[in-house]
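Below is one structure, written out as structure tokens; the observations come after it.
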Amino acid sequence: MRGTATGSVWRERRLDTVVSYNLLALATLYALFPVAWMLSTSLKSEAEAFSLPIRWIPKQPTLAAYVEMWTLKPFATYFYNSTVVSGLTALLSTALGALAGYGFSRFRFRFRTALLGGFLATQMISGVLVIGPYFQILAAVELYNTLTGLIIAYVTICLPFAAWMSKGYFDSIPRELDEAGLVDGASRLQIFLRIIMPIALPGTLATLLFAFLLAWQDLLWALCLISIDAKRTVTLGVAFAVGEFVVKWPMLTAASLIGSLPTLILYLALQRFYVEGLARGAVKG
């Protein structure tokens, strides 16, 4: 009887393993197929990209689309703009969010709950509804069509999330560490920088990565707040690569692939911290 039961459990586990791996394989195929198709199209000539029946693998692979991407459009400028905007957005929102999160986690003050609720409420408002007021404010202070104005807009979007993420992570760190630092004569700022922040590194990197990805991949806000070619980001550059009467699909897919590389590399490098930060940051509210 015991042998029969053991064999039944073994078969069930094997079935679960087979089903799990098949589902993972399907999910991987579903996620990677668009990327593979974009890569294949970017290596085709324009004539081959429109040929019927469809060629899944280029007959004569060429890098002409990648050359055209850099010569016909100022993609180097787009990359510079996106790097500046995304990098400063990530740094500012993470730094300010960490300070705010530490204050909410460690101090009890008047209107604390109301402020936390206000931060959370901002995440429930659709970005489409506030683009108009942002546009009017930036135009009034002469920051429309500037990278500074775009950075300010992105920081205001990312800051509430950064504060909540940081607070949740700081709540999981024992207060006894702060008390020990105070006993040793350290100031609150020294405790924050030298004791708490090194422990909170996974949560900080998760917040940094979130802010960077949001700023790099955004199209709607950049489209509404930037109208000159010299200030366009990568997403705007890719969007405006679509012509009025013709679409150069090889160049468009090449630009999309190159534009997604920084976020892909950054995510792969920091994914361990990202997952751990999100998990621990959600332990306490």
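Given the structure is predicted, the values throughout are model-derived calculations rather than measurements. In this chain, residues are counted from 1 in sequence order.
- Side-chain contact between L26 and Y30 is absent, with no heavy-atom pair separated by less than 4.5 Å.
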Checklist line | Derivation and outcome, side chain to side chain donor-acceptor pair (under 3.5 Å), residues T156 and Y134 | finding: CA-CA 10 Å; T156 57; Y134 267 96; 2.5 Å; yes

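- Between the CE atom in M197 and the OG atom in S166 there is a gap of 7.0 Å [rounded to 0.5 Å].
- Side-chain contact check for L219 versus L236: some heavy-atom pair is nearer than 4.5 Å.
- Here the closest heavy-atom approach between residue A100 and residue A163 is recorded as CB-CB, 4.1 Å.
- Of the possible polar contacts, one joining the S82 side chain to the V234 backbone as a donor-acceptor pair under 3.5 Å is found.
- Here the side chain of D218 pairs a donor or acceptor atom with the backbone of A222 at under 3.5 angstrom.
- For the atom pair CG (L214) and CG (L209), the distance works out to 11.0 Å, reported to the nearest 0.5 Å.
- Side-chain heavy atoms closer than 4.5 Å link hydrophobic residues (I, L, V, M, F, W, Y) into clusters, and following such links, even through other members, never connects L96 to Y102.
- In the hydrophobic clustering of this structure, L129 groups with F161; members are Ile, Leu, Val, Met, Phe, Trp, Tyr whose side-chain heavy atoms approach within less than 4.5 Å, directly or through other members.
- Here the CD1 atom belonging to I195 is positioned 10.5 Å from the CD1 atom belonging to I173, to the nearest 0.5 angstrom.
- In this structure, F109 has its ring center under 6.0 Å from that of F104.
- Using a 4.5 Å heavy-atom threshold, the side chains of T207 and Y169 count as separate.
- When hydrophobic clusters are built by joining Ile, Leu, Val, Met, Phe, Trp and Tyr residues whose side-chain heavy atoms come closer than 4.5 Å, directly or via intermediates, I228 is not grouped with L143.
- Using modelled atom types, one side-chain atom of R106 and one backbone atom of F170 make a donor-acceptor pair closer than 3.5 Å.
- Distance CD1/I131 to CZ/F135: 11.0 Å, rounded to 0.5 Å.
- Looking at V35 and L39, their side chains never come closer than 4.5 Å, going by heavy atoms from C-beta outward.
- Note on I57 and L32: separate hydrophobic clusters, where clusters join Ile, Leu, Val, Met, Phe, Trp and Tyr whose side-chain heavy atoms are under 4.5 Å apart, directly or indirectly.
- Here the closest non-hydrogen pair linking Y144 and C224 is CE1-O, 3.4 Å.
- Heavy atoms only, all atoms of each residue included: R232 and S227 are closest at NH2-O, 4.3 Å.
- Looking only at side-chain heavy atoms (C-beta outward), F210 and S93 stay at 4.5 Å or farther from each other.
- A donor-acceptor pair under 3.5 Å is formed between the side chain of S256 and the backbone N or O of L252.
- Side-chain atoms of T233 and I226, non-hydrogen and from C-beta on, never get closer than 4.5 Å to each other.
- For the side-chain contact (heavy atoms from CB on, under 4.5 Å) test, residues two or more places apart in sequence or in another chain that qualify with S86 are F212, A215, W216.
- Using a 30° and 60° split on the angle between ring planes, F79 and F75 fall in the tilted class, from 30° to 60°.
- Taken together through direct or relayed side-chain contacts under 4.5 Å among Ile, Leu, Val, Met, Phe, Trp and Tyr, F192 and L159 form parts of separate hydrophobic clusters.
- Taking CD1 of I258 as the reference point, atom OG1 of T253 lies at 10.5 Å (rounded to 0.5 Å).
- Annotation: R110, atom CZ; neighbour count of heavy atoms from other residues, nucleotides and ligands within 6.0 Å does not exceed 12.
- For Y66 and S42, the side-chain atoms include at least one donor-acceptor pair closer than 3.5 Å.
- Residues I151 and V155 have side chains in contact (heavy-atom distance under 4.5 Å, counting atoms from C-beta outward).
- Under the rule for a side-chain contact (heavy atoms from CB on, under 4.5 Å), E142 has no partner lying at least two apart in sequence or in another chain.
- For the pair S105 (side chain) and G101 (backbone), a donor-acceptor distance under 3.5 Å is absent.
- Looking at heavy atoms from C-beta onward, T77 lies out of side-chain contact with K231 at the 4.5 angstrom threshold.
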Margin query: The test is salt bridge (Lys or Arg N to Asp or Glu O under 4.0 Å); show your working for D229 and K73 and say whether it passes.
Written below: CA-CA 10 Å; D229 192 56; K73 292 284 185 178; 5.9 Å; no

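- Here the CE-CG distance, from M69 to L63, works out to 10.5 Å after rounding to the nearest 0.5 Å.
- Checked by atom type and distance alone, the side chain of T94 never pairs as donor or acceptor with a backbone atom of L91 at under 3.5 Å.
- For F107, the CZ atom sits in a packed shell: over 12 heavy atoms of surrounding residues, nucleotides or ligands are nearer than 6.0 Å.
- Remark: R194 CZ is loosely packed, at most 12 non-hydrogen atoms of other residues, nucleotides or ligands lying under 6.0 Å away.
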